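Only one structure is covered here, and it is reproduced in the block below.
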Amino acid sequence: MEPNWELARCKGRTELFYSSRRRNGTPVNVAPAKEYCASCPIREACLIFALETNEIYGIWGGMTPYERIKEAKRLGIKSNIPVPRNQTS
């Protein structure tokens, strides 16, 4: 089930979550995006959506792509997100 995106705090603020400045596919300064996510009413649903759809870019549910890979593994969700070359643990 897809989250109700109308309730998302990030609505209209994609520049925070999809920065053009990247290192290994992750926006360089993720703190502002994570702050938005921390109090978002659909944070958990957003994260599950990103995990289930193998979203490889941006901040979703307060997590970077690499953090989502780790979270999917912890939850036993099969992830097809490619692991960045320098982040293997």
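Being a predicted model, the structure only gives us computed values, none of them experimental. Quick note: residue numbers are just sequence positions, from 1.
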Verify the cluster assignment for [X] and [Y]: are they in a single hydrophobic cluster under the rule of side-chain heavy atoms below 4.5 Å apart?
X: Leu7; Y: Ile59; value: yes
X: Tyr57; Y: Ile77; value: no
X: Phe17; Y: Trp5; value: yes
X: Leu51; Y: Ile69; value: no
X: Leu75; Y: Leu47; value: yes

Got a list of side-chain donor-acceptor pairs under 3.5 Å for residues 30-40, not counting sequence neighbours?
unit_1, atom_1, unit_2, atom_2, d
Lys34, NZ, Glu67, OE1, 2.9
Lys34, NZ, Glu67, OE2, 2.7
Tyr36, OH, Arg13, NH1, 2.6
Ser39, OG, Arg9, NH1, 2.9

Taking all atoms of both residues into account, what is the closest heavy-atom pair of Cys46 and Pro3, and its distance? N-CG, 4.0 Å

Please report the closest heavy-atom contact between Trp60 and Arg68, naming both atoms and the distance. N-NH1, 3.4 Å

Please name the residue in the list Lys70, Glu71, Arg43 that meets the side-chain contact (heavy atoms from CB on, under 4.5 Å) test with Met63. Glu71

